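See below for the structure under consideration.
Numbered from 1 within each chain, the chains take letters A, B, ... in sequence-line order. Keep in mind it's a predicted model, so treat the numbers as computed, not measured.
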Protein chains: 2
Amino acid sequence: MTAPDPRRERHLAEARRRLGEYLKERRLRATRQRDLILAAFLDHGSHASVDELYQVVRSRDPSVGHATVYRSMSLFVAAGIAGERRFHEGVSRYEPALHVDHHDHLVCEACGVIEEFEDPTIERLQEEAAATRGFRVHYHRLELYGLCRNCREP
Amino acid sequence: MTAPDPRRERHLAEARRRLGEYLKERRLRATRQRDLILAAFLDHGSHASVDELYQVVRSRDPSVGHATVYRSMSLFVAAGIAGERRFHEGVSRYEPALHVDHHDHLVCEACGVIEEFEDPTIERLQEEAAATRGFRVHYHRLELYGLCRNCREP
DNA sequence: ATGCTTGCAAACGCTTTGCATTTGA
DNA sequence: TCAAATGCAAAGCGTTTGCAAGCAT
């Protein structure tokens, strides 16, 4: 079907390794479902909702339940493989947490496309703003909502 | 009970005026409930959830329904009196939108306190980052999560 | 064998909606 | 008068949970 993308292959392999480690450490179990969901997650690109993943997983194995996708995604977050985000719409979306430097998001309100960007100066200023007020930052969230290039055009 | 805060008085007066305007324009109606909820909202300070407002409103008039608070808050957002935000927990919280310049948030993960801050340089850099990528920004959201001064101390 | 995982369905918490009734203009 | 607004209860929606059965170890 799809040509094998060597980068994705590597990422899948590493995510599997990381998950295996995490499971072994805590005496949890490697299951067919978890591997299936992990693959669907990495196939999806980024910002997948549980329901989107559920659809993909189902197309490959209709016996997998909704709850299992929820439970697995929580597990992946705990294992450091996935990061959870909520954009303005409110549903949880997941993005790969391995090999990904921190980045922020541009969200198009018209077509829904989500673009990522990074700006080290903004990061630094955030740290400074927080430090000034006595805060130590663990993580942050920066989202810019507006219109993307395509949707701006009349 | 509480000493009358002149600033709050002014804000309530202006919010009432603005709401009155908005209602008249669209031939909507001024009701006791809307005024009650508006007052509770402005009394609350900032970042009130619907349920928190509902409790306050109820203590003043137990006949008011849950749904009316939801409907009123949506109305206030539409009228430009309130802004809606969702922090990581997921529930909608509202803050006054009048007399308030744009600001961002520092959220303490330990005690839950939400502090506001503003940084014009960050704002400018955001605009630039967006423009570079062809986006026009309508609004943005920046939240820094971590520990506040009190909660950092051992 | 043990106990973690699963699928299912029911429960959940927040929010919205349908509807009969009340109420502001 | 009469459409808008309310209160209530029910429905929606994404998410979580209880439980009996299944499966990895």
**Asked** Side chain of B:Arg152, backbone of A:Gly134: donor and acceptor closer than 3.5 Å?
**Response** yes
With sequence neighbours excluded, residues passing side-chain hydrogen bond (donor to acceptor under 3.5 Å, both in side chains) with [X]:
{"X": "B:Arg124", "answer": "B:Glu128"}
{"X": "A:Glu143", "answer": "A:Tyr145, B:Arg141"}
{"X": "A:Ser63", "answer": "A:Asp61"}

**Item:** Nucleic acid contacts of residues 56-64 of chain B, taken as heavy-atom distances under 4.0 Å to DNA chain D
**Value:** B:Arg58, B:Ser63, B:Val64
What residues form a side-chain contact (heavy atoms from CB on, under 4.5 Å) with [X], not counting sequence neighbours?
{"X": "B:Ala131", "result": "none"}
{"X": "B:Glu123", "result": "B:His102, B:Asp104, B:His140"}
{"X": "B:Arg27", "result": "none"}

**Where chain B begins and ends its contact with DNA chain D, read 5' to 3' at 4.0 Å from heavy atoms** = D:dA3 to D:dC8
**Prompt:** In the 5'-to-3' direction, what one-character label does each nucleotide of nucleotides 15-25 of chain C receive under the scheme B = base within less than 4.0 Å of a protein heavy atom, S = sugar-phosphate only, - = no such atom?
**Reply:** BBBB----BBS
**Item:** Short N-O contact, B:Arg10 and B:Glu14, less than 4.0 angstrom
**Value:** no
**Request:** Side-chain contact test, heavy atoms from C-beta onward, threshold under 4.5 Å: evaluate it for B:Phe117 versus B:Leu144 and give yes or no.
**Result:** yes
**Item:** Closest-nucleotide 5' rank along DNA chain D - winner of B:Arg27 and B:Thr68
**Value:** B:Arg27
For residues 64-79 of chain A, which side-chain donor-acceptor pairs fall under 3.5 Å, sequence neighbours excluded?
{"unit_1": "A:Ser72", "atom_1": "OG", "unit_2": "A:Thr68", "atom_2": "O", "d": "2.8"}
{"unit_1": "A:Ser74", "atom_1": "OG", "unit_2": "A:Tyr70", "atom_2": "O", "d": "3.2"}

**Message:** Would you say A:Ile122 ends up clustered with B:Val137 if hydrophobic residues are merged whenever their side chains have heavy atoms under 4.5 Å apart, either directly or through other cluster members?
**Reply:** yes
**Between the first and last five pairs of the helix from C:dA1-D:dT25 to C:dA25-D:dT1, the angle of the axes, rounded to 10 degrees** = 30°
For residues 47-56 of chain A, tabulate all N or O donor-acceptor pairs below 3.5 Å that involve a side-chain atom, not counting sequence neighbours.
{"unit_1": "A:His47", "atom_1": "NE2", "unit_2": "A:Glu95", "atom_2": "OE1", "d": "3.1"}
{"unit_1": "A:His47", "atom_1": "NE2", "unit_2": "A:His105", "atom_2": "NE2", "d": "2.8"}
{"unit_1": "A:His47", "atom_1": "NE2", "unit_2": "A:Glu116", "atom_2": "OE2", "d": "3.4"}
{"unit_1": "A:Ser49", "atom_1": "OG", "unit_2": "A:Glu52", "atom_2": "N", "d": "3.1"}
{"unit_1": "A:Asp51", "atom_1": "OD2", "unit_2": "A:Gln55", "atom_2": "NE2", "d": "3.3"}
{"unit_1": "A:Glu52", "atom_1": "OE1", "unit_2": "A:His44", "atom_2": "NE2", "d": "3.3"}
{"unit_1": "A:Glu52", "atom_1": "OE1", "unit_2": "A:Ser49", "atom_2": "N", "d": "3.1"}
{"unit_1": "A:Glu52", "atom_1": "OE1", "unit_2": "A:Arg93", "atom_2": "NH1", "d": "3.3"}
{"unit_1": "A:Glu52", "atom_1": "OE2", "unit_2": "A:Arg93", "atom_2": "NH1", "d": "3.4"}
{"unit_1": "A:Tyr54", "atom_1": "OH", "unit_2": "A:Arg58", "atom_2": "NE", "d": "2.9"}
{"unit_1": "A:Tyr54", "atom_1": "OH", "unit_2": "A:Arg58", "atom_2": "NH2", "d": "3.3"}

